[in-house]
Amino acid sequence: MTFIVQEPEAVVMVTMAREFDIVVTTDACEWLEGKLDRCVFSESFILLTSKSIKTTRYSREAMHKLAASTPFIRFNSQSHLGAQVETLLRRLGVKAPLRLEVDTADTLVAMVAAGLGWAVTTPSCLVRGMQHASMVRVGMLDNIHAGRSIYLVGRDGEHGKLFDESYDAAVHAVRETLLPALERVAPGTEKLIVMGEGSTASGVRPDRV
């Protein structure tokens, strides 16, 4: 049995080559035949700035003003998260010139903490850069509904029991590790995590963002 975490574009290659049994990904891979998927959790986007910026809630207009005055730090546009953030910015009409681009969540948080710019990311990505979290200000999106979901994907009709056990383990990890970490480093952001259908995680609604 193989259990891997992959970006959606990598899922295509390993799926076609039948190199995986179970994958954790940010895409339900609806285009993939013969697959089984289940949403582990969904999370809303958040906005990170340096501590010098006092705003904690961002409307469309506030994001426009921020983009006009402060460099935007973006995820690699070739990544699924990077593409999702770019789609959000286009939808809101936010013009953020390409100046700084990073490949990892911890680097992105570190650059914001150093005062190099602002970023759009997710609570789980903030945890990956938690050593710098105390040096950034977390902003919530105001009346802007946007985020991503994390899925467990496998092949339908194969490893059914293992798939269920893997899903339960993923939910347990979110409940016991991710949510407490968010409560410590950025209180309030844990409420932006919504467990997927079929989850029984205590205290979290069983629906999607």
K.L.:
For the CD1 atom of Ile144 and the OG atom of Ser44, what is their distance to the nearest 0.5 Å?
P.N.:
11.0 Å
K.L.:
For Glu101, check side chain to side chain contact (heavy atoms under 4.5 Å, CB included) against everything at least two apart and list the hits.
P.N.:
Arg74, Asn76, Ser77, Leu98
K.L.:
Where is the tightest heavy-atom contact between Val138 and Ala186, given as atom of each residue plus distance?
P.N.:
CG2-CB, 4.1 Å
K.L.:
Which residues pass the side chain to side chain donor-acceptor pair (under 3.5 Å) test with Ser59, sequence neighbours left out?
P.N.:
Glu61
K.L.:
State the CD1-OG distance between Ile53 and Ser69, to the nearest 0.5 angstrom.
P.N.:
6.5 Å
K.L.:
Do Ser124 and Arg148 pair up side chain to side chain, a donor and an acceptor below 3.5 Å, judged on atom types alone?
P.N.:
yes
K.L.:
Is a side-chain N or O of Glu190 found less than 3.5 angstrom from the main chain of Gly188, in a donor-acceptor match?
P.N.:
yes
K.L.:
Which residue pairs pass the salt bridge (Lys or Arg N to Asp or Glu O under 4.0 Å) test when at least one of the two sits in residues 113-129, sequence neighbours left out?
P.N.:
none
K.L.:
Specify the closest pair of heavy atoms between Cys125 and Val109, including all atoms of both residues, with the distance to one decimal.
P.N.:
O-CG2, 4.3 Å
K.L.:
Give the minimum heavy-atom separation between Ala67 and Lys95, together with the two atoms involved.
P.N.:
CB-O, 3.7 Å
K.L.:
Could you work out, with side chain to side chain donor-acceptor pair (under 3.5 Å) as the rule, every residue matching Thr107, not counting sequence neighbours?
P.N.:
Thr104
K.L.:
Using the test side chain to side chain contact (heavy atoms under 4.5 Å, CB included), find all partners of Arg137 that sit at least two apart in sequence or belong to another chain.
P.N.:
Thr49, Lys51, Lys54, Thr56
K.L.:
Could you tell me whether the side chain of Leu66 reaches within less than 4.5 Å of the side chain of Leu47, counting heavy atoms only?
P.N.:
yes
K.L.:
Rounded to the nearest 0.5 Å, what's the gap from CG on Leu81 to CD on Glu86? Could you check?
P.N.:
10.0 Å
K.L.:
Salt bridge (charged side-chain N to carboxylate O under 4.0 Å, His left out) with Arg57: which residues, sequence neighbours excluded?
P.N.:
Asp142
K.L.:
Of all residues at least two apart in sequence or in a different chain, which pass the side chain to side chain contact (heavy atoms under 4.5 Å, CB included) check with Val185?
P.N.:
Met130, Ala133
K.L.:
Sequence neighbours left out, what passes side chain to side chain donor-acceptor pair (under 3.5 Å) with Ser50? Give chain and number order.
P.N.:
Ser52
K.L.:
Can you list every pair that meets ring-ring contact (aromatic ring centres under 6.0 Å, His included) and has a residue in residues 53-76, with sequence neighbours left out?
P.N.:
Phe72-Trp118
K.L.:
Can you name the residues that form a side chain to side chain contact (heavy atoms under 4.5 Å, CB included) with Leu116, not counting sequence neighbours?
P.N.:
Ile73, Leu100, Met111, Ala114
K.L.:
Can you list every ring-ring contact (aromatic ring centres under 6.0 Å, His included) pair that touches residues 91-112, not counting sequence neighbours?
P.N.:
none
K.L.:
Could you state the interatomic distance from CD (Glu43) to CG (Leu192), rounded to the nearest 0.5 Å?
P.N.:
8.5 Å
K.L.:
Nearest 0.5 Å please: distance from the OG1 atom of Thr25 over to the CD1 atom of Ile150.
P.N.:
7.5 Å
K.L.:
Could you tell me which residues satisfy side chain to side chain donor-acceptor pair (under 3.5 Å) with Thr189, sequence neighbours excluded, listed by chain and number?
P.N.:
none
K.L.:
Of all heavy-atom pairs between His80 and Thr26, which one has the smallest distance, and what is that distance?
P.N.:
ND1-OG1, 2.6 Å
K.L.:
Please tell me if the side chains of Asp164 and Arg38 come closer than 4.5 Å, counting only heavy atoms from C-beta onward.
P.N.:
yes
K.L.:
With rounding to the nearest 0.5 angstrom, report the CE to CG distance, Met63 to Leu89.
P.N.:
5.5 Å
K.L.:
Could you report the tightest heavy-atom contact between Pro123 and Ile46, atom names first, then the distance?
P.N.:
N-CD1, 3.9 Å
